[in-house]
Structures are given as C-alpha cells and as structure tokens.
There are 2 protein chains.
Amino acid sequence: MQAILDDGLTLQVHRRLRHDLLQGRIAPGTKLKVQALGAAYGAGASPVREALSSLASEGLVQRIDGRGFRAAPATVEDFDELVRARCWLEEVVLRESIAAGGPAWEDALVVARWRLARIPRSGSTGGFAPNPDWEAAHTAFHRALLAGCPSSTLRDMAETLRERAERYRALANRIAYPGRDVAAEHEAIAEAALARDAPRAVALLQAHYRTTAGFLRDALAG
Amino acid sequence: MQAILDDGLTLQVHRRLRHDLLQGRIAPGTKLKVQALGAAYGAGASPVREALSSLASEGLVQRIDGRGFRAAPATVEDFDELVRARCWLEEVVLRESIAAGGPAWEDALVVARWRLARIPRSGSTGGFAPNPDWEAAHTAFHRALLAGCPSSTLRDMAETLRERAERYRALANRIAYPGRDVAAEHEAIAEAALARDAPRAVALLQAHYRTTAGFLRDALAG
DNA sequence: AAGCAGATTTTTATCGATAAAATTAAAACA
DNA sequence: TGTTTTAATTTTATCGATAAAAATCTGCTT
C-alpha cells in the first residue's frame, strides 16, 4: 500500500486555502487571521503564514503590512479588467495553439468537447445548482483548447487569469444560470479551432467570454 | 526628519533577495539556506522563509519540498521560451498602448527616450562595465512604451517577463557588449510608436528583443 | 447622545528551540 | 582502492512563546 505522499504542511495549507478562495467559500475581503486558519487546517503559525505569503504573490490574498492578510477583494471593475485582459491574452494563445497544435492536441480537444457535451450543466433538475463534474469538464475543455500553444509561459498566464475568473463565477454562481445555449457556443469554438480557422475561433471565444461576463456582472452588481 | 518607514522584515528580505537574484549576484541553482540568509540580512527563520515562499510563487526561486529552496535555474531553453513569450505578449500590449495612449503617455515616452539617449551604455570608458544609470533608464524606457495599455494585468505580466529577462542579461553581462547600435533601435521604436504606427513599432520591438536574445544566448552558451 | 482617553483584549510579526530528515564524513569491508 | 555501512553534522520544517502594534471596549465628559 503506497503512502499518501504527504508533503509539507505549508503546501497543504496553501492548496486548501487556495481551493477555498477560488471556490468562493471564503468571501472577498475577509480578514484571514493566522491563528484561526491554523486551527482550521491543523497547523501552526509558520506554515499558514508561508502559505499566505505565497497566495499574496499569486494575487489571491492581500498583505497589508502591519495588519495581516485578507482575501483579495472582488469588484466589478477588477472583473471587467480581468475579462478584457483575458480576451487579449487568449487571442494570442489560441492563435498559437491552432497554428502549432498537432494530432495529439486535436485528439485531446475532441475528447474534452465530447465529455463536456455529455455532462449536465446543473447538478439538480429543479433550479440551478453548480455541478462540480461540469465545472471540471469545462475547465478541461478550455485548457485543451489552449494546450497546443508551445509557450508554457503564456499558457500559465492564461491559466492564472482563468483561475481568477473562476473565482468570480463561483461568487455569482447561486444566481447566474444563463438561458443561452452555452453548449452550442463551446461546440462552435471547438469546431472553428479544429478547422484551423483562427480568426473565427478567436472571435467566438471572445464573444463567449464577453457574454458570460455580462451575466456575471449583473449577478455581482445586483 | 521623516522616518524611513520601515516595513516588516519579511518585506525587506523579500526585496533584497529579489534584487540580488535579479542582479545575478546569486548564481542560478544556488542553494538558499535559511540560516545563512537570515544571518546575511539580519533576520530570523520566519521572515526569510516567508520571503522565499513569495519568491517561489514569482518564479525566481524553486522550492523542493523536503529539501529547502534554491535560486531558479537559468537555462538556454528557458531563456528562449522567455523571449518568445515576451515577443507575443508585448505585441498585444504595445498595440494597445499605442491605440489607447493619450498625451500624457506621449510626453512620458518622449522624456524616457531623451533620458536613455543621454546616458552612456557602459560605465567605464575602456572595456564594458554595466552602468546602473543606463540600466535604469533602459527599463524606464521600455516601461514607458507599454504604459499606455489600459490593462494593468497585462502590463504587470509584461513586467514580470521583463524581470526574468533582465536577470539573464545580468548573468551574461560581463561578456556581451553588442557592437550594434542599440540607441538607434530604441530611437526607431519610439519613433514608430509616437507616429502611432503599431505594426511597425511591434516589428521593431520584436526584432530588438530577438537580436538581444542572440547575443545573450551566445554569452550564456559560450 | 456624541466624542474621546485610557484600559483591555486581539492579533501580528518575529524569535529561539527542537524533532525529523537529509547531507556529509568516517570507518569497515570486500 | 572502490564500495557500502554507520556515525556525526547540517538543514529543514514546524511549534510555542513573546514584545509590539492594532483593534475593541469602557466609562467619563460635555
């Protein structure tokens, strides 16, 4: 029986905190007290503090010199900025992905599309409830789309922006269940990418982001 | 007399370590022992460790779970990757900067260009010696070029890549003193940007990076 | 009631101490 | 003489303790 390779406490705390933050389980602006977190995650001050330092560098947490840490605030302006940056950045990345992606890229994208199409958007049949499986497949799909880009640096940057965006999605999740046909949008994007039609794929992807952004913005502001 | 607003030890160590790393004063791959650093910077384990955690998130330092930290390695492949990513990213940023930059942007760019032109590239008259003033003006120039881009996110990303690149420059510095006319290249880039000729400005900027990269690559490999 | 000075309680930032793990050096062996 | 084992030494990761700084509460004053 293989041991569950338990890496340092610092990494554990980092991972869990990151998760809770991205999941929206910790509200933006919340004060993050070292002791409390330590108690919650079963660790002392040092690991927690280190984890918080890292997260601060990643932009998920704010460090306010003499007075500790807090969850990064989430504002409509920040969100808009984020979407804009994402559209520009992914324009480049998707273009490169389409230009450089080989057969393996195509295969993976086809699989990701298939999976995403198969999974229900909502977890419950009545109202809308976030479905973790769909979320995972959705992330995988977008990642597969960009996976062909040869620059890991750019891919990582896109990934960072995605995470920040996912956080906003999670924060607005209880409200937004767009009546539009998200599945069709994904389908169209994949279609264009596989056809190596970069301009069309980029335009569709950006439209996809902008539409989603509209819904989220309403949910956040309202 | 105003006090030298001394922020936390952690921040201080972070700043100084970062500086030493970017300056090439600490060789790539060097083991970074907590105690030693603490002694050097006059701090205990906690602040040093926190600083290292942050730097790891920024990519300047590597954390190797059970066995501490080390200065991020510098390889030719990594460098090439970096240059490529930079060309793509700054293509977008410069384009946006030119499109959105107002009079203030123009003014600042003109000043930055003027300053850079005025300062000698080398610190000594005989051979080549890095001139801190020129380095600063050079950074300021490139920053001014991109300052018009309305997306702070993208600007920050470009800044991050610049830092990584500066590190490579510092590492190769004792060797590379290109015989080409760097000043003229900068002049031409500024010229095109101020003329709002985005395609030309982008092409020149990329050529500038690629040429520099060539020299550095030789210096690193040889 | 609103404002404020002081006293009280939290919280932060940092240190020093320590078990566990990793590295290095020394000794034993083939 | 080149390994392998064992012992000694470093180094890491983490905890608990603590001074200094910040936030909160309290009751007094106008």
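We use all heavy atoms of the structure for the numbers below, so side chains are in, but hydrogens, waters and symmetry mates are not. Residue numbering restarts at 1 for every chain, and letters A, B, ... go by the order of the sequence lines.
- For the salt bridge (charged side-chain N to carboxylate O under 4.0 Å, His left out) test, residues two or more places apart in sequence or in another chain that qualify with Asp78(B) are Arg164(B).
- Within the structure, no pair that satisfies the side chain to side chain donor-acceptor pair (under 3.5 Å) test touches residues 26-37 of chain B, not counting sequence neighbours.
- Residues passing the side-chain hydrogen bond (donor to acceptor under 3.5 Å, both in side chains) test with Arg167(B): none are found, sequence neighbours excluded.
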Whether each nucleotide of nucleotides 8-13 of chain C has a protein heavy atom under 4.0 Å at its base (B), only at its sugar-phosphate (S) or at neither (-) is summarised, 5' to 3', as ---SBB
Let me check something: any side-chain donor-acceptor pairs from residues 44-55 of chain B under 3.5 Å, sequence neighbours excluded? List them with distances.
unit_1   : atom_1 : unit_2   : atom_2 : d
Arg49(B) : NH1    : Glu50(A) : OE1    : 3.3
Arg49(B) : NH1    : Glu50(A) : OE2    : 3.0
Glu50(B) : OE1    : Arg49(A) : NH1    : 3.3
Glu50(B) : OE1    : Ser53(A) : OG     : 3.3
Glu50(B) : OE1    : Arg63(A) : NH2    : 2.7
Glu50(B) : OE2    : Arg49(A) : NH1    : 3.0
Ser53(B) : OG     : Glu50(A) : OE1    : 3.3
Ser53(B) : OG     : Arg49(B) : O      : 3.4
Ser53(B) : OG     : Arg63(B) : NH1    : 3.2
Ser54(B) : OG     : Ser53(A) : O      : 3.4

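- Evaluation of the salt bridge (charged side-chain N to carboxylate O under 4.0 Å, His left out) rule for Arg67(A) yields no partner, not counting sequence neighbours.
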